[in-house]
Every structure is written in C-alpha cells, then in structure tokens.
Amino acid sequence: MNSTNRKLLNIELGRITPEQYREMPGSGIVVVLDNIRSAHNIGSAFRSADSFRVEKIYLCGICATPPSAEIHKSALGAEFSVGWEYSEDTLSAVTKLKEEGYTVVSVEQTVNSVSLEGFSAEEGAKYAFVFGNEVSGVAQEVVDASDFSLEIPQYGTKHSLNVSVSIGIVLWAAHRRNIR
C-alpha cells in the first residue's frame with residue numbers, strides 16, 4: 001500500500017456535528033426546490049447543501065419533506081444539519097426571499113441566461129438558487145420572478161442534467177467564488 005495516497009478514515013476527516021453546522025455563520029446561500037418529484041433527488045440536494053454550507057433548503061409544491069426514509073437514504077443524515085422549510089407555492093417562497101434581500105437565480109436554460117462560466121457573484125450578496133422539476137424544470141412564473149437565470153454549459157446530445165447533479169455543480173461554483 002502506498003502510504004502517501006492512503007484513503008482517510010471517517011474519524012480523520014474532522015467533520016463537525018449537525019449542531020455545530022447550525023451554529024456556523026451563514027453562507028448567504030439558500031436552495032429552492034421547485035416541485036422536485038424524487039425524494040432521492042431531494043436527499044441528494046440536502047447532502048450537497050451540507051457539503052457547501054447552504055443555510056436552508058426551501059421544499060416547494062410536490063417536494064417530499066423530512067422525515068422520509070427515501071430522503072434519508074440519499075442525504076445520509078444531512079437533513080439534520082441543513083435547515084429546511086416547506087412552502088406550498090414556489091413563487092411565494094421566491095417572493096419572500098426577494099423581500100429578505102436575496103438575489104433569486106433560476107438555474108434554467110432561458111433566452112438570456114448567464115453561463116455558469118461567466119457568473120460573477122457580488123461580494124456580500126445573498127443568493128437563492130432555484131432548481132426545477134425533473135421533467136419541466138423551473139416554472140415559468142418563477143423564472144419571470146427571478147433576478148436572472150443561470151445555465152450550466154453542456155456539450156453533448158442531451159439538453160439537461162439530473163437536478164441533483166446540477167445542484168452540486170452550481171453550489172460548488174458558488175462556493176469556489178467565495179460568495180460569502
């Protein structure tokens with residue numbers, strides 16, 4: 001075994017507890033899930049949100065909510081560290097976030113979308129990233145209410161990524177650009 005490339009044990013990772021996570025300063029990032037059908041995708045959203053210190057997930061419309069065995073299977077306990085709130089209507093959640101000073105960003109392919117490659121976060125700003133339904137994407141009324149749309153560049157034959165993959169990519173890019 002090559003000791004310079006040894007996998008770390010979980011105990012060596014220095015992970016914080018869910019309580020410590022909730023006490024950390026805010027990142028300025030929230031995630032809004034617009035009518036996500038799959039509880040597994042919601043669980044994956046929690047797991048990615050935890051990884052990048054998202055403050056809260058808004059579960060809207062038909063989204064399943066914790067406690068859920070299906071969410072837990074993908075989240076691996078992240079549903080206990082990341083705060084969440086349910087809203088029957090995505091547009092209401094987005095309106096509330098705008099009133100709280102968030103820049104609302106629909107992650108969607110639109111006529112005037114900003115490429116993720118060219119996205120430049122404003123220092124100190126708060127962002128609410130909206131991710132849409134696995135089939136129909138972010139609802140048009142939510143896109144219309146957003147400050148802008150962000151698009152992940154894609155170069156293959158498919159025109160979309162799984163929503164859980166999109167969440168990971170966008171949160172990584174936001175974190176990398178030190179939004180807060």
Side-chain angles (χ1 to χ4, degrees), residues 1-87 90 93-94 96-97 100-107 116-117 119-134 150 152 161-180:
M1 175 171 77
N2 181 351
S3 63
T4 61
N5 204 21
R6 176 184 64 84
K7 287 176 46 176
L8 294 173
L9 302 172
N10 282 343
I11 197 165
E12 296 175 288
L13 295 176
R15 299 291 184 192
I16 61 175
T17 66
E19 294 77 22
Q20 290 169 318
Y21 181 98
R22 288 190 296 273
E23 292 173 6
M24 293 177 73
S27 64
I29 300 172
V30 298
V31 167
V32 179
L33 300 182
D34 180 21
N35 289 291
I36 303 297
R37 296 179 310 164
S38 166
H40 294 289
N41 282 337
I42 294 167
S44 292
F46 270 100
R47 195 163 165 191
S48 292
D50 175 277
S51 185
F52 295 108
R53 213 167 47 83
V54 164
E55 292 179 12
K56 185 182 267 189
I57 295 179
Y58 289 82
L59 303 167
C60 303
I62 65 169
C63 288
T65 61
S68 160
E70 286 183 306
I71 289 174
H72 183 72
K73 184 175 182 177
S74 300
L76 295 178
E79 73 274 29
F80 302 120
S81 56
V82 179
W84 64 273
E85 185 176 318
Y86 176 77
S87 177
T90 308
V94 163
K96 174 186 163 197
L97 288 163
E100 292 174 5
Y102 283 87
T103 299
V104 176
V105 182
S106 283
V107 180
L116 184 60
E117 296 167 317
F119 172 59
S120 181
E122 191 177 314
E123 188 174 337
K126 300 188 303 185
Y127 289 89
F129 293 104
V130 183
F131 298 89
N133 177 276
E134 293 90 339
L150 192 62
I152 300 168
L161 296 165
N162 179 283
V163 65
S164 67
V165 172
S166 295
I167 292 167
I169 290 170
V170 169
L171 292 180
W172 177 82
H175 179 77
R176 183 172 160 261
R177 289 179 174 92
N178 295 319
I179 283 185
R180 262 223 177 174

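We use all heavy atoms of the structure for the numbers below, so side chains are in, but hydrogens, waters and symmetry mates are not.
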Practice task
Identify the heavy atoms of Ala64 and Ile42 that sit nearest to each other, and give their distance.
Solution key: N-CD1, 3.3 Å
Exercise for the section: To the nearest 0.5 angstrom, please state how far the CE atom of Met24 sits from the CD atom of Gln20. Expected result: 9.0 Å
Practice task
Would you check if Val31 and Val82 make a side-chain contact, meaning some heavy-atom pair closer than 4.5 Å?
Solution key: no
Problem - From Phe46 atom CZ to Ser81 atom OG, the distance as rounded to the nearest 0.5 Å - result: 8.5 Å
Problem - Backbone N/O of Asn133 and side chain of Asn35: donor-acceptor pair under 3.5 Å - result: no
Handout entry: Whether Glu134 side chain and Arg37 backbone form a donor-acceptor pair below 3.5 Å
Key = yes
Practice task
Quick one: closest heavy-atom pair of Ala128 and Val32, and the distance?
Solution key: CB-CG2, 4.5 Å
Problem - Which atom of Ala49 lies closest to which atom of Ile57, heavy atoms considered - result: CB-CD1, 3.8 Å
Practice task
Answer whether the closest heavy-atom distance between the side chains of Lys96 and Tyr102 falls below 4.5 Å.
Solution key: no
Problem - Side-chain heavy atoms of Ser166 within contact of Ile152, under 4.5 Å - result: yes
Exercise for the section: Would you please classify the geometry between the Phe80 ring and the His72 ring as parallel, tilted or perpendicular, with 30° and 60° separating the classes? Expected result: tilted
Exercise for the section: Starting from the C-alpha separation in whole Å, work towards a yes-or-no answer on side-chain contact (heavy atoms from CB on, under 4.5 Å) for Leu171 and Ser51. Expected result: CA-CA 9 Å; Leu171 292 180; Ser51 185; over 6 Å; no
Exercise for the section: Measure the acute angle between the ring planes of Phe131 and Phe129, then classify it against the limits of 30° and 60° as parallel, tilted or perpendicular. Expected result: tilted
Handout entry: Separation of Ile29 CD1 from Tyr127 OH (nearest 0.5 Å)
Key = 9.5 Å
Fill in the blank from the handout: The reported gap from CG in Asp50 to CZ in Arg15 (rounded to nearest 0.5 angstrom) is 8.0 Å
Problem - Donor-acceptor contact present, side-chain Ser44 to main-chain Ser164, <3.5 Å - result: no
Problem - Side-chain (Ser68) to main-chain (Thr65) donor-acceptor, under 3.5 angstrom - result: no
Practice task
Evaluate the side-chain proximity of Pro66 to Leu59: yes if any heavy-atom separation is below 4.5 Å, no if none is.
Solution key: yes
Exercise for the section: Taking all heavy atoms of Gly132 and all of Ile36, pick out the closest pair and write down the distance. Expected result: O-CD1, 3.0 Å
Problem - Within 6.0 angstrom of Leu13 CG, more than 12 heavy atoms from elsewhere - result: yes
Fill in the blank from the handout: Between Tyr58 and Glu100 the two heavy atoms that sit nearest each other are OH-OE1, 4.4 Å
Problem - Within-4.5 Å side-chain heavy-atom neighbours: Arg47 and Leu76 - result: yes
Exercise for the section: Search all heavy atoms of Glu79 against all heavy atoms of Trp84 and return the closest pair with its distance. Expected result: O-CD1, 4.2 Å
Problem - Check ion pair Glu70-Lys73 (N to O, under 4.0 angstrom) - result: no
Handout entry: Straight-line distance of Cys60 SG to Glu85 CD, nearest 0.5 Å
Key = 8.5 Å
Exercise for the section: Indicate yes or no: at least one non-hydrogen side-chain atom of Leu33 is less than 4.5 angstrom from one of Ile167. Expected result: yes
